[in-house]
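Since the structure comes first, as structure tokens, the remarks are kept for the end.
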Amino acid sequence: MASSSVEVVLGRGKAGEVALFDLDTSGTAVSTSAVAVDALPAAVAAREADGDVRWIWSDTPTWYAPLLSAGVRVRRAWDLRLVHAILRDAASVQEDQGLRGQTSWDAAAGASDDLDTLFALDDGVGPPEGADAALAEYRRQRSAIAAAAAGTAGSLRLLAAAESAGALIGAELHAAGLPWSVEAHARLLDEQLGARTPGGLPSRIEDAASAVRSALDDPGVSLDSQPKLLRALHRAGILVESTSRWELSQHDHPAVAPLIAYKKLMRLYTANGWAWMDEWVRDGRFRPVYVPAGVVTGRWASSGGGALQIPRQLRTAVCADPGWTLVTADVAQLEPRVLAAMARDTALAAAASGRDLYAGVVEAGALATRAEAKMAMLGAMYGATTGESGRLVPRLRRTFPRAMGLVDEAARIGEDGGRVSTWLGRTSPAAGEAWRTLQSRASGTDASGSDESHARRAARDRGRFTRNFIVQGTAAEWALAWLGDLRTRLSALAPVDVADAAPRSGPAFARSPHLAFFLHDEIVVHTPLAYAEAVADAVRTSAASAGRLLFGEFPIDFPLDLKVGRTAEKE
DNA sequence: TCTAAGTGCGCG
DNA sequence: AAAGCGCGCACTTAGA
């Protein structure tokens with residue numbers, strides 16, 4: 001990438017110091033300097049004020065969390081650990097680039113929670129890599145990308161930049177937090193769960209439990225123990241094989257409704273009840289720990305707080321500060337759109353253009369109803385073979401052969417033990433040793449029928465994984481591009497007068513419009529009211545820009561469901 | 001008393 | 001009891 005930014009490698013230096021290497025365009029260090037650990041935020045801030053710098057560091061949680069704590073934000077980074085993982089596994093990268101052998105760069109990044117201060121660096125906590133090792137690894141990564149298979153270097157560079165931007169955003173999202181009203185949350189808990197009783201369950205859970213026990217005529221039965229509950233259900237003549245809601249709801253018995261209610265309330269109580277609120281909401285902010293690229297496909301994971309599982313009913317608690325508002329946006333049918341573009345399937349792209357994709361699929365005559373179209377499309381991307389979904393997929397295959405051919409081919413490669421890659425070049429993991437053994441045993445002359453069926457099932461499982469990998473992974477890349485572009489646009493909006501409309505808490509950058517939440521294909525921006533329209537424009541513009549960045553002029557659009565409002569509720 | 005595995009359910 | 005991908009978390013039971 002012909003970048004105009006200056007590159008600076010930052011790493012551990014002599015005791016108590018951080019070393020900084022300024023690089024020229026060839027990746028050679030042209031000047032070195034050192035700063036005391038506690039002077040680092042000021043030094044970084046000064047360089048950022050000077051101009052566009054790309055900070056090359058071992059890993060973002062370790063270096064960026066302390067900077068954010070000190071009120072310093074950076075524009076660009078290169079996360080050596082995340083990029084290492086991409087290049088190490090990428091099919092387009094050559095074998096002999098020094099990235100394949102197990103090294104310290106393969107270790108997981110440290111938990112950001114313990115590293116909010118630079119003392120952690122001083123104490124020898126954090127990555128072992130000094131600045132020299134970081135520079136050496138960066139040079140390996142640069143040359144590996146430069147030597148990558150024909151036509152793939154640009155994509156890998158883009159992926160590395162997007163991944164690193166994502167790492168910055170993950171740290172910033174944690175620092176800023178999602179504005180959360182404990183009042184609204186507590187109101188919802190009171191309404192749903194009833195009064196809290198000391199040493200016991202909330203009243204409405206207790207009520208539901210009593211109703212179940214009397215309907216089962218089993219006064220002491222435990223509802224939290226699956227085996228005991230199952231036996232009690234059988235004794236009452238409810239012949240289920242599991243205690244899942246889906247199966248229970250198929251039965252007509254007076255115990256069913258209260259049991260389902262019990263499970264629902266209990267879930268809210270244990271997963272997002274008062275204890276969760278006490279632990280995870282501070283100063284009006286929910287601050288989950290995001291783990292960028294925590295999923296093999298490149299999707300983000302989260303750790304603690306269940307950030308990726310906030311129940312929709314709790315959306316009422318997501319509430320902007322006074323004088324501020326929320327811009328909430330999600331992409332409609334991101335994965336099939338990405339699939340259409342990857343496959344260069346103009347028929348599917350046309351069906352998606354400017355409207356609900358599933359409605360377009362119906363109009364194209366592939367399927368009769370929107371519900372069927374959705375079922376079939378999900379089935380195609382997940383690998384459904386049976387049931388209604390599996391039955392409908394062939395209809396889609398006839399109408400959109402290119403798109404369906406791409407996922408079918410990805411599945412075939414996976415079943416054969418091969419690897420597949422996303423649009424930008426993230427490659428799926430190789431088949432494991434156990435998987436290979438299973439397959440070779442099944443193809444031997446002395447293979448039993450059981451060997452064969454086991455191997456067949458494992459192959460199918462793997463095929464469904466690789467089938468979905470290319471779509472889920474490319475969708476994650478699109479989302480990174482969207483986030484990265486949006487972050488830049490938001491930071492260009494001027495900070496507001498702090499006295500006029502200050503957020504209740506958070507870092508300095510949170511005094512102007514900023515990202516507050518991200519979940520696969522959805523973002524929430526917290527913004528002063530005056531900027532709401534500018535933010536909405538930025539959100540839409542960055543979505544269009546992400547589409548072009550990945551897919552060029554291929555005619556695919558990414559329409560957003562966008563809402564501006566005090567709460568983040570969606571219809 | 002600890003860990004691992006099973007079950008179920010929340011999210012995309 | 002899912003079918004059909006990817007996760008994290010709470011709770012229980014089995015096993016060491």
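So that the names make sense, note that chain A is the first sequence line, chain B the second, and so on, each numbered from 1. Because only heavy atoms are used, hydrogens play no part in the values below, and waters and symmetry mates are left out as well, while side chains stay in.
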Base B:dG12 to side chain A:Arg299, donor-acceptor N/O within 3.5 Å cut-off: yes

Sugar-phosphate, base or nothing in reach of A:Met377, heavy atoms under 4.0 Å: nothing

Sugar-phosphate, base or nothing in reach of A:Ile310, heavy atoms under 4.0 Å: sugar-phosphate

Backbone of A:Gly170 reached by a side-chain donor or acceptor of A:His174 within 3.5 Å: no

A:Lys563 side chain vs A:Glu569 backbone, donor-acceptor pair below 3.5 Å: yes

Position toward the 5' end of DNA chain C (nearest nucleotide), A:Ser242 or A:Asn468: A:Ser242

Rounded distance in Å - CD1 (A:Ile470) to C1' (C:dG6): 15 Å

Distance between P atoms of C:dG4 and B:dA4 (Å, rounded): 31 Å

Residue from A:Phe517, A:Trp280, A:Trp276 passing ring-ring contact (aromatic ring centres under 6.0 Å, His included) with A:Trp180: A:Trp276

Carboxylate-amine/guanidinium proximity below 4.0 Å for A:Arg196 and A:Asp190: no

Between A:Ser421 and A:Thr427: side-chain donor-acceptor atoms closer than 3.5 Å: yes

Integer angstrom distance from the C1' of C:dA3 to that of B:dA5: 24 Å

OP1 or OP2 of C:dC11 under 4.0 Å from side-chain N/O of A:Ser225: no

Nucleotide nearest A:Asp224 (side chain, heavy atoms from C-beta), chosen from C:dA2, C:dC11, C:dC7: C:dC11

Please write out each protein N/O paired with an N/O of nucleotides 8-10 of chain C under 3.5 Å, distance rounded to 0.1 Å.
residue : atom : partner  : partner atom : Å
C:dG8   : O4'  : A:Gln309 : OE1          : 3.0
C:dG8   : N2   : A:Gln309 : NE2          : 3.0
C:dG8   : N3   : A:Gln309 : NE2          : 2.7
C:dC9   : OP1  : A:Gly304 : N            : 2.3

Rounded distance (Å) that lies between atom C1' of C:dA3 and atom CZ of A:Arg460: 15 Å

Length of the line joining A:Trp300:CH2 and C:dC7:P, which is rounded to integer Å: 17 Å

Distance in angstrom units between A:Phe469 CZ and C:dC5 P, rounded: 16 Å

Sequence-distant partners of A:Thr369, side chain to side chain contact (heavy atoms under 4.5 Å, CB included), two or more places apart: A:Ala371, A:Glu372

Pairing partner of C:dG4 (Watson-Crick or G-U wobble, both distances under 3.5 Å): none

Under 4.0 angstrom between A:Gln226 side-chain N/O and B:dG8 OP1 or OP2: yes

Residue A:Tyr382, side-chain atoms from C-beta onward, closest of C:dC7, C:dT13, C:dC5: C:dC5

Sugar-phosphate, base or nothing in reach of A:Thr243, heavy atoms under 4.0 Å: sugar-phosphate

Nucleotide C:dA1, atom P - distance to CZ of A:Arg245 in whole Å: 16 Å

Rounded distance in Å - CZ (A:Arg315) to P (B:dC11): 9 Å

Whole-Å gap separating P (C:dT12) and CG (A:Leu230): 16 Å

Under 3.5 Å: donor-acceptor pair, side chain of A:Asp561, backbone of A:Asp330: no

Touch class at under 4.0 angstrom, heavy-atom based, for A:Ser389 against every strand present: base

Shortest side-chain distance from A:Val295, nucleotide among B:dG10, C:dA2, C:dC7: C:dC7

Sidechain-backbone polar pair: A:Arg204 side chain, A:Glu191 backbone, donor-acceptor under 3.5 Å: yes

Sugar-phosphate only, base, or nothing, as touched by A:Leu378 at under 4.0 Å among non-hydrogen atoms: nothing

Candidate nucleotides C:dG6, C:dG4, C:dA2, ranked by approach to the side chain of A:Met375 - the nearest: C:dG4

Test item: side-chain donor near acceptor, A:Glu172 and A:Tyr64, under 3.5 Å: yes

Touch class at under 4.0 angstrom, heavy-atom based, for A:Glu241 against every strand present: sugar-phosphate

Of A:Lys228 and A:Gly390, the one whose closest DNA chain C nucleotide lies more 5': A:Gly390

Interatomic distance where OH belongs to A:Tyr269 and P belongs to B:dG10 [whole Å]: 18 Å

